[in-house]
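Report on the structure given below.
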Amino acid sequence: MELQTGSHDIDFHQLIEYSLNSIWIVGEEGKILYCNKACLELLKLASPEDILYKKLYAFFPSEIHAGCKERLNKVLKNQDIVELEEQKMICGDGEVIDIEVTAAPFYLKDMVLAQVIIRNITDRKRAERAEILLKERVKLASIGQIAAGIVHEVKNPLTTVKGFLQLLKESQPHPYFDTIEAELEKALEALQNLLHVSKPDLHEEPFVPIDLCKELASILFLFQEKLYKVEIEWALRDTERKVVGKRNLFLKAFFNLLKNAIEAMDEIQGKGKIKIEHYYKNGQIHIKVSDTGVGIPEDKLKLLGTPFFSTKSEGTGLGLTQVYTTIHKHGGNISVQSVVGKGTTFHVQLPVK
Ligand SMILES: Nc1ncnc2c1ncn2[C@@H]1O[C@H](COP(=O)(O)OP(=O)(O)O)[C@@H](O)[C@H]1O
Ligand SMILES: [Mg+2]
């Protein structure tokens with residue numbers, strides 16, 4: 001089609017060169033033969049030499065290289081179009097970004113090449129992830145509110161029953177009364193625990209600077225008698241950085257994380273390993289607790305943090321609820337990665353004010 005521009009000729013090369021989308025022309029074996037300005041910007045590269053004649057795989061994570069090759073063949077050999085799809089790319093500085101990519105054949109003389117069009121969707125993906133996270137938090141918060149409501153409703157009558165039981169015990173002793181009382185105590189304690197995690201601010205605690213590295217070491221000390229079959233690896237950086245928050249809540253949260261890590265290795269053969277990392281990056285303190293325990297199946301990951309979700313015979317399912325609520329209350333974030341049979345990493349990010 002001829003472009004009608006009056007007396008001006010359109011420079012199509014300029015059009016491609018300054019296109020807002022990143023455009024590559026790729027040849028045999030994934031060799032990059034052309035890339036426009038947007039592409040250099042996208043990948044944070046200084047000059048075309050940083051990319052020209054390199055193979056496109058250099059800019060994609062290794063786990064998708066086979067897929068890239070297959071799609072490139074689809075274009076070059078079958079002369080077919082590759083539908084738009086979401087992928088990850090690696091920039092010149094090592095940052096991994098989310099992109100959307102499509103490719104189609106491009107004919108130059110007697111050669112078949114591939115035109116690859118890439119769009120940065122990192123911001124959109126980040127917003128999507130934030131929305132999912134927010135929904136999860138709202139869900140957790142509302143479950144917490146329901147739990148707190150139930151606790152109040154059930155605790156009062158139980159306390160009354162306990163009071164009358166004590167009166168009855170004094171006037172008409174019976175051998176079953178002690179058992180009944182002990183069971184009632186257990187129920188009341190369970191309710192009290194639930195109240196603590198669903199309403200962690202029950203006891204107003206001041207915000208104080210907390211030296212998490214020091215605290216982590218002393219929390220781990222509490223598990224001393226369990227650690228004979230666990231190797232501990234410390235990777236602590238930026239130890240001078242402090243988070244500001246409610247100290248007791250943090251102590252409980254990291255106690256709960258470490259307890260789970262140790263329990264995750266109860267059933268594995270041989271010695272397990274816990275790695276504790278601490279570092280500062282982009283205004284946040286990062287703490288990672290990794291174990292080489294049983295791992296968590298993918299379908300269970302989204303249940304983590306929900307009150308009473310537990311796979312342990314003696315578990316309460318309240319540990320992670322306390323962890324998640326505490327981290328979120330301090331404006332932080334927690335994510336988990338797990339491979340069944342290999343282990344689990346909890347990654348906590350806390351803002352430093
Ligand atoms: N490090 C971990 N490795 C494997 N599974 C874990 C780990 N941390 C938590 N989980 C899973 O999450 C569930 C909930 O944990 P939590 O809320 O602490 O309750 P509990 O420890 O009482 O079961 C656990 O029962 C377990 O299935
Ligand atoms: Mg636990």
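Just so we're clear, the structure is a prediction, and the values are computed from it rather than from any experiment. In listed order, ligands and their atoms are each counted from 1.
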Under-4.0 Å heavy-atom contact with ligand 1, by part of [X] that carries it:
X: Thr344; result: side chain
X: Phe309; result: both
X: Asp291; result: side chain

Q: Identify the residue among Ile327, Val208, Leu216 that makes a side-chain contact (heavy atoms from CB on, under 4.5 Å) with Phe250.
A: Ile327

**Q.** Candidate list Val161, Val151, Leu158, test side-chain contact (heavy atoms from CB on, under 4.5 Å), partner Leu188, passing option
**A.**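 For Leu188, the side-chain contact (heavy atoms from CB on, under 4.5 Å) check succeeds only for Leu158.
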
Which heavy atom of the protein is the closest neighbour of [atom], given with residue, atom name and distance?
atom: atom 3 (N) of ligand 1; value: Ala264 CB, 3.2 Å
atom: atom 23 (O) of ligand 1; value: Ser310 OG, 2.5 Å
atom: atom 17 (O) of ligand 1; value: Leu320 N, 2.8 Å
atom: atom 21 (O) of ligand 1; value: Lys312 NZ, 2.7 Å

Q | side-chain hydrogen bond (donor to acceptor under 3.5 Å, both in side chains) evaluation trace for Ser19 with Asn21 | A | CA-CA 5 Å; Ser19 163; Asn21 287 325; 4.7 Å; no

Whether [X] side chain and [Y] backbone form a donor-acceptor pair below 3.5 Å:
X: Thr102; Y: Ile118; value: no
X: Thr344; Y: Asp291; value: no
X: Gln322; Y: Leu249; value: yes
X: Asp211; Y: Val243; value: no

Q: Would you mind finding which of Ile296, Leu318, Asn260 brings a heavy atom closest to atom 6 (C) of ligand 1?
A: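 The residue whose heavy atom sits nearest atom 6 (C) of ligand 1 is Ile296.
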
(Q) Classify the ring geometry of Tyr57 against His65: parallel below 30°, tilted from 30° to 60°, perpendicular beyond 60°. (A)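 Rings of Tyr57 and His65: tilted, as their planes differ by 30° to 60°.
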
Q) Got more than 12 heavy atoms from elsewhere within 6.0 Å of CD, Glu225? A)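 Yes, the 6.0 Å shell around CD holds more than 12 heavy atoms from other groups.
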
Q) Can you tell me if CD on Glu63 sees more than 12 non-hydrogen neighbours from other groups inside 6.0 Å? A) yes

Do any nitrogen or oxygen atoms of [X] lie less than 3.5 angstrom from nitrogen or oxygen atoms of ligand 1?
X: Val294; answer: no
X: Gly315; answer: no
X: Leu304; answer: no

(Q) In this structure, does ligand 1 have an atom that sits under 4.0 Å from one of the heavy atoms of Gly293? (A) no

Check each atom of ligand 1 against the heavy atoms of [X] and keep those under 4.0 Å away; list them by number with element.
X: Gly319; result: 16 (P), 17 (O), 18 (O)
X: Thr316; result: 22 (O)
X: Phe346; result: 1 (N), 8 (N)
X: Thr311; result: 24 (C), 25 (O), 26 (C), 27 (O)

Q.
the Mg ion (ligand 2) and Asn260: any N/O/S contact shorter than 2.8 Å?
A.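 For Asn260, the answer is yes, given that an N, O or S atom comes within less than 2.8 Å of the Mg ion (ligand 2).
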
(Q) Less than 4.5 Å apart, side chain to side chain, heavy atoms only: is that true for Val230 and Met265? (A) yes

